Undergrad: 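My structure is below; once you've seen it, I'll send some questions.
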Amino acid sequence: MTAEAPLSASGQEGRSWASGAVVYQVYPRSFADSDGDGVGDLDGATSRLPYLADVLSVDAIWLSPVYRSPMRDFGYDITSFTEVDPLFGDLAAFDRFVGRAHDLGLRVIMDFVPNHTSDAHPWFVDSATSRVAEHADWYVWADPAPGRADPPQPPNNWRAVTGGSAWRWVSQREQFVLHSFLPFQPDLDLSHPPAREAIHDAMRFWLDRGVDGLRVDMVDFLAKDPLLRDEPDEHYRFADAEHHLDRQRLPEVLRGFRDVVTEYPDRVLVGEVNPDLSIEETVALHGTAEDPLLDMPFNFGLLRTPFTADALAAHLDAYDRAVPAWAWPNLTLGNHDVSRLASRLGQAGARSAAVLLLTARATTFLYNGDELGLTDVDIPPELVQDPWEARTPGRGRDRNRSPLPWDDSPPAAGFSATAPWLPVGAANSTRTVTRQRQDPDSMLSLYSELLRLRRSHPVLLDGAQRADNPQPDLLRLHRQQDHPKPASLVILVNTADADTVVEPSHLLGHRRPLLCSGPAAWQNETRTLRARSAVVLR
Ligand code: GLC
């Protein structure tokens, strides 16, 4: 319980457009298919932008990769940093997407993957040919460990995120190349100036085309120990790595990225960090007011925090205190790499989570389809796409990447005119945008209402925040501001499976419900909050 805790600072100067924005992640393969090949594309996404601007009314879009790619990791394996894959369209389609988004008042954050490329990238193909090739030093290469040579032994004990050694033998060069992710995703060596410059130029390419920011993939992998020393504990967690992830050298890489972004007015730099990083390690990636690095290192805390009032209050309170006063907090409850929100928490829990996510003091990242309450889809073995599943059964991410259901048109709920790359799923086929727009009690209506509330109550953006747990299973957020005019809201979330009666004093004098997570979630007379429900009180 943190009843005495001070409220966090509010109303800061010098913030970016993304401070407090609601950012919607479009996973383009699964968003909307315009050309009937079963895979979503840019023109499809462009045609659905009015949904994002007018029905949901988010502020920005984070677009997952649309680069040229063999798609073995669905675009996170790039073969050209400055081309659009034909599957998604072309540069003209990209420009149409950004242009239309801007016309509708939506900002665009482009996914950017500088840690590795595809092994089919011309840089790597050249690099692999010989130790004196033009791109010879663009990747992390190493000789085998001394000693047993048949077969050659990896130079150290670094592991891949996807399991097994992070080193792959390339017989052409008689050396190992590092792959922190899948074997076909060799790690670039960003300590090598030409490689770093090429990456900076690729960033400029998209910033020149008008994107409002970049979401950088896996930032904490971007610097490695140049001596390639063994991890002291061979079973290391990535969050604890000492050499594979070189935290001393990382700020220099991020500073380079920051400098590029700063060449342009009003752009932001978001970074994906290891979900296991502590709050302190995560917020350290903001840098300092004098030497800022990332506008937003993703805070994945809510993905690993149990959805219980005490754990949530502790996380929100600790995180809010840790974010430097000049920076802005951010929250995420879903993305293309994790099980869907409604599958993790159930529909009622997902509704409460939406209330929490959109009333907390933060830039908020929403994952496409979570606003419809989509659930994970069981993928039969013959339809499995994600190589993570083949490498580590059970870790595949197909289940949470199923296409969006737009309406009742066959064969794929309005997503595509043909069988889609992943099934829509029977349950999700009934959760269409069209149906939910007509139902005031739908998940989509809740999200629209929450976004409207967020806009009409500046205290939800600027107000100070205190998160606490005043009675068992009750999470309370208190949002409050004195300027420009005094305002105060209390958000209550009952995380238990049973109804709870809220102590009168815990309402802090707030009695008028503004929004409930579901019909009859809150009984004003008896102060009863239904099981797994939330209410916003003024
Ligand atoms: C990030 C992406 C994930 C991808 C991985 C390797 O974690 O979110 O989808 O597989 O990086 O690029």
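Atoms within each ligand, like the ligands themselves, are counted from 1 in listed order. In this text the structure is predicted, and so the values were computed from the model without any measurement.
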Undergrad: If we only count heavy atoms from C-beta on, is the T364 to N330 side-chain gap below 4.5 Å?
TA: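 In short, these two side chains do not touch, never coming nearer than 4.5 Å.
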Undergrad: Under 4.0 Å from a heavy atom of R397: give me the atoms of ligand 1 that qualify, with their elements.
TA: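 Every atom of ligand 1 under 4.0 Å from some heavy atom of R397: 3 (C), 4 (C), 9 (O), 10 (O).
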Undergrad: Give a yes or no on whether a salt bridge exists between D119 and R168, defined as a side-chain N under 4.0 angstrom from a carboxylate O.
TA: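 R168 and D119: salt-bridged.
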Undergrad: Within ligand 1, which atoms have a heavy atom of D73 less than 4.0 Å away?
TA: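 Per the distance check, 4 (C), 6 (C), 10 (O), 12 (O).
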Undergrad: Using a 4.0 Å cutoff against the non-hydrogen atoms of H336, which atoms of ligand 1 qualify?
TA: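 Heavy-atom distances to H336 below 4.0 Å select 2 (C), 3 (C), 8 (O), 9 (O).
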Undergrad: Taking the side chain as every heavy atom from C-beta outward, state whether P251 and L293 have any atom pair closer than 4.5 Å.
TA: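 Side chain of P251 against side chain of L293, heavy atoms only: contact under 4.5 Å found.
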Undergrad: Students should be able to answer this: which protein heavy-atom is nearest to atom 8 (O) of ligand 1, and at what distance?
TA: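 So the nearest neighbour among protein heavy atoms is D337 OD2, 2.5 Å.
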Undergrad: So, taking the atom named CZ in R229 and the one named CD in E242, what distance separates them when rounded to the nearest 0.5 Å?
TA: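 So the CZ of R229 and the CD of E242 are separated by 9.0 Å.
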Undergrad: Can you sort out which atoms of ligand 1 are near W388, meaning under 4.0 Å from one of its heavy atoms?
TA: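 That gives atoms 10 (O) of ligand 1.
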Undergrad: Hey, which atoms in ligand 1 end up nearer than 4.0 Å to a heavy atom of H116?
TA: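 It comes down to these atoms of ligand 1: 6 (C), 12 (O).
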Undergrad: Examine the proximity of ligand 1 to F74 and report which part, side chain or backbone, both or neither, has a heavy atom under 4.0 Å away.
TA: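 F74 to ligand 1: no contact under 4.0 Å from either part.
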Undergrad: Among all protein non-hydrogen atoms, which one is nearest to atom 5 (C) of ligand 1, and what is the separation to 0.1 Å?
TA: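 Answer, as residue, atom name and distance: D217 OD2, 3.9 Å.
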Undergrad: Can you list the atoms of ligand 1 that are under 4.0 Å from a heavy atom of R401?
TA: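 Reading through ligand 1 atom by atom, the close ones are 9 (O).
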Undergrad: Mind checking side chain to side chain donor-acceptor pair (under 3.5 Å) for R29 and listing every partner two or more places apart, or none if nothing turns up?
TA: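 Not a single residue meets the side chain to side chain donor-acceptor pair (under 3.5 Å) criterion with R29.
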Undergrad: What protein heavy atom is closest to atom 7 (O) of ligand 1, reported as residue, atom name and distance in Å?
TA: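 Ranked first by proximity to atom 7 (O) of ligand 1 is E272 OE2, 3.0 Å.
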Undergrad: Counting neighbours of CD on E174 that are heavy atoms of other residues, nucleotides or ligands and sit closer than 6.0 Å, is the number greater than 12?
TA: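 At most 12 heavy atoms, drawn from other residues, nucleotides or ligands, come within 6.0 Å of this atom.
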Undergrad: Out of all atoms in ligand 1, which are within 4.0 Å of some heavy atom of R215? Include the element for each.
TA: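 Answer for ligand 1: 8 (O).
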Undergrad: Could you tell me whether the side chain of E272 and the main chain of M218 form a donor-acceptor pair under 3.5 Å?
TA: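 Side chain of E272 to backbone of M218, a donor-acceptor pair under 3.5 Å: yes, one is there.
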Undergrad: Would you say the rings of W406 and Y51 are close, in the sense that their centroids are separated by under 6.0 Å?
TA: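 Yes - the distance between ring centres of Y51 and W406 falls below the 6.0 Å cut-off.
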